[in-house]
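Below is one structure, written out as structure tokens, with a few remarks after it.
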Amino acid sequence: MSEAKFSTKSIWAGERDSLAFGATQVPVVHSVSFGYDDMDEWYEVAIGNKPGHIYGRNTNPTVQAFEEKIRILEGAEAATSFSTGMAAISNTLGTLLFPGDRIVSIKDTYGGTNKIFTEFLPKQQVDVVLCDTGDHEAIEQEIERGCKVLYLESPTNPTVKITDIKRMAKAGKAAGAIVVVDNTFATPVNQNPLELGADLVIHSATKFLGGHADALGGSVCGSKELVEAIYHYREINGATLDPMAAYLLLRGMKTLKLRIDQQNKNAQEIAEFLQGIELVDDVFYPGLESHPNHDIAKEQMKGFGGMLSFSVKGGVETVRQLLPKLQYANRAANLGSVETVVGPSRTTSHVECTPEERAAMGIPEGLIRYSAGIEDIDDLRKDLEQAFKALPADLLIKN
Ligand SMILES: *Cc1c(COP(=O)(O)O)cnc(C)c1O
């Protein structure tokens, strides 16, 4: 399997051991426990000497197939799964960090992750240092001052800032840190953090991996040693992926390459189109030459992803009037789905933050996050065009 190309792997990888009765598709095994007539066999499985399943909070055949597929797609030694992306993040940090430890990260992480850094970790006497995203010198200086975990996300949510993963991972490793990268926005189609030097790769599988906005899940991939420790934390603390969700995620992942290729193309075209719209102030997309770290993105990514954001003149009022006029977009908090999804950052990724906190992160109140779907690009472009045209002429005068 390791020699096959990505789209072949995303279809075939990880499923064989979970098939039963000659089924060609992974069954959804809705069984809380797994029974044994042979007490010795039960014991061998329970202590991990023999493959098999004991209890659903620990392992399950459907969930295992999901873990195997993401493991192979990320080229990792091991993988484990979680009920949500946030569970993947909190369980990973819970496994790695103890009172007195120091974690270095960036200011632009996902809103929930940022809350872990600002609200929960400090209560556990973990020293959290958040650097300006993209300020590589500042991150390196903080790493050198001591760093148990270096936590990165690239591209970021929602202003798609880029961090040089290879350079930061090198600095992190030199300081003895465990380097963690949230790869949700890029997906393994566009970026492989392990190849760039990271130790652990996290996904909110809820987003692009599943791709249909119908299942929550998360994953962590990396070395056997680290992943086993994180798995142990999860099996005891209980944020287990449900078998039905695992099935939906597996099914979605079979078309990952097709979807991401189309979303990369659509996002690039929409970003370029928005640059020509008068009411648009700024367009943020790593595939644009105007992006401050376009060169780093080009170096470390195979595609620039399906996520972009843009700010509009007239701020919140323009957002309020523009978004309801779109015909082919869900106005919702998710992203990475087959349908286009739009939303103001102040009600989606960073709803947990105050306006001041958002301003400090460089997120204007009139910022719109745009998750490109796989629709025909002509329809998406026309849809935006008609929505901008239908705005009242005096919108900017009144505001
Ligand atoms: C959505 C998201 C998460 C959290 O995932 P959930 O599945 O919603 O818990 C983490 N990181 C990024 C970058 C995300 O977009």
Side-chain angles (χ1 to χ4, degrees), residues 63 66 70 74 80-94 105-120 130 133 151-163 165 180-191 193 198 200-221 230 234 237-242 244-246 248-249 252-253 260 263 267 284 286 301 304-309 330 332-337 341-345 347-353 361 363 367 369-372:
V63 171
F66 166 77
I70 186 62
E74 283 291 4
T80 190
S81 61
F82 302 85
S83 52
T84 64
M86 281 316 301
I89 295 165
S90 62
N91 282 240
T92 298
L93 297 176
S105 188
I106 51 174
K107 286 184 183 159
D108 287 74
T109 50
Y110 177 73
T113 310
N114 186 260
K115 275 289 154 199
I116 295 184
F117 290 155
T118 54
E119 187 178 336
F120 295 106
L130 302 182
T133 310
Y151 186 97
L152 302 173
E153 193 182 314
S154 184
T156 58
N157 191 354
T159 49
V160 286
K161 291 192 183 133
I162 299 292
T163 300
I165 296 173
V180 183
V181 178
D182 182 335
N183 203 30
T184 300
F185 266 37
T187 81
V189 176
N190 288 329
Q191 180 169 277
L200 292 167
V201 183
I202 291 182
H203 282 283
S204 166
T206 314
K207 312 293 172 51
F208 289 99
L209 292 187
H212 295 72
D214 55 4
L216 292 158
S219 65
V220 174
C221 300
I230 297 164
R234 190 268 285 160
N237 285 281
T240 303
L241 179 61
D242 182 78
M244 189 63 211
L248 291 168
L249 297 173
M253 284 162 77
I260 300 300
Q263 283 165 314
F284 305 97
M301 301 180 82
F304 299 112
M307 297 302 302
L308 62 114
S309 61
N330 279 327
N334 68 301
L335 60 94
S337 185
V341 186
V342 294
S345 293
T347 41
T348 56
S349 61
H350 287 70
V351 70
E352 298 96 342
C353 306
M361 287 181 232
I363 298 169
L367 190 75
R369 185 175 74 184
Y370 190 99
S371 169

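Read the numbers this way: they start at 1 and go in the same order the structure lists the ligands and their atoms.
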- Task: Applying side-chain hydrogen bond (donor to acceptor under 3.5 Å, both in side chains), run through Glu74 and Asn183 and close with a yes or a no.
- Result: CA-CA 10 Å; Glu74 283 291 4; Asn183 203 30; 3.0 Å; yes
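Put simply, the side chain of Thr156 gets close to the backbone of Lys161: a donor and an acceptor are under 3.5 Å apart. Side chain of Arg234 to backbone of Ser81: a donor-acceptor contact under 3.5 angstrom is found. Under the 3.5 Å distance criterion, the side-chain polar atoms of Asn114 are left unmatched by any main-chain donor or acceptor of Tyr110. Of the possible polar contacts, one joining the Ser154 side chain to the Thr163 backbone as a donor-acceptor pair under 3.5 Å is found. Counting only distance, with no hydrogens or angles, the side chain of Ser105 and the backbone of Tyr151 share a donor-acceptor pair below 3.5 Å.
Those atoms of ligand 1 that come under 4.0 Å of a heavy atom in Asn157, given as number and element, are 15 (O). Taking every heavy atom of Ile89 and a limit of under 4.0 angstrom, the matching atoms of ligand 1 come to 10 (C). Near Gly85, meaning under 4.0 Å from any of its heavy atoms, are these atoms of ligand 1: 5 (O), 6 (P), 7 (O), 9 (O). Residue Phe185 approaches ligand 1 through these ligand atoms, each under 4.0 Å from one of its heavy atoms: 15 (O). Close approach to Glu153 involves these atoms of ligand 1, each under 4.0 Å from a residue heavy atom: 13 (C). Residue-ligand proximity, Met86 to ligand 1, at heavy-atom distances under 4.0 Å covers atoms 4 (C), 5 (O), 6 (P), 9 (O).
Close N/O approach between Lys207 and ligand 1 is found [any backbone or side-chain N/O within under 3.5 Å].
In terms of protein heavy-atom proximity, atom 5 (O) of ligand 1 is nearest to Ser204 OG, 2.9 Å. Among all non-hydrogen protein atoms, the one lying nearest atom 4 (C) of ligand 1 is Tyr110 CE2, 3.5 Å. For atom 7 (O) of ligand 1, the nearest protein heavy atom (residue, atom name, distance) is Thr206 OG1, 2.6 Å.
You'll find the side chain of Val180 reaches within 4.5 Å of the side chain of Ile202, heavy atoms only.
Between atom CG of residue Leu216 and atom OG1 of residue Thr84 there is a gap of 7.0 Å, rounded to the nearest 0.5 Å.
Contact annotation for Thr113 and ligand 1: no heavy atom of the residue comes within less than 4.0 Å of the ligand.
By heavy-atom distance, the residue among Leu216, Leu209, Asp182 lying nearest atom 11 (N) of ligand 1 is Asp182.
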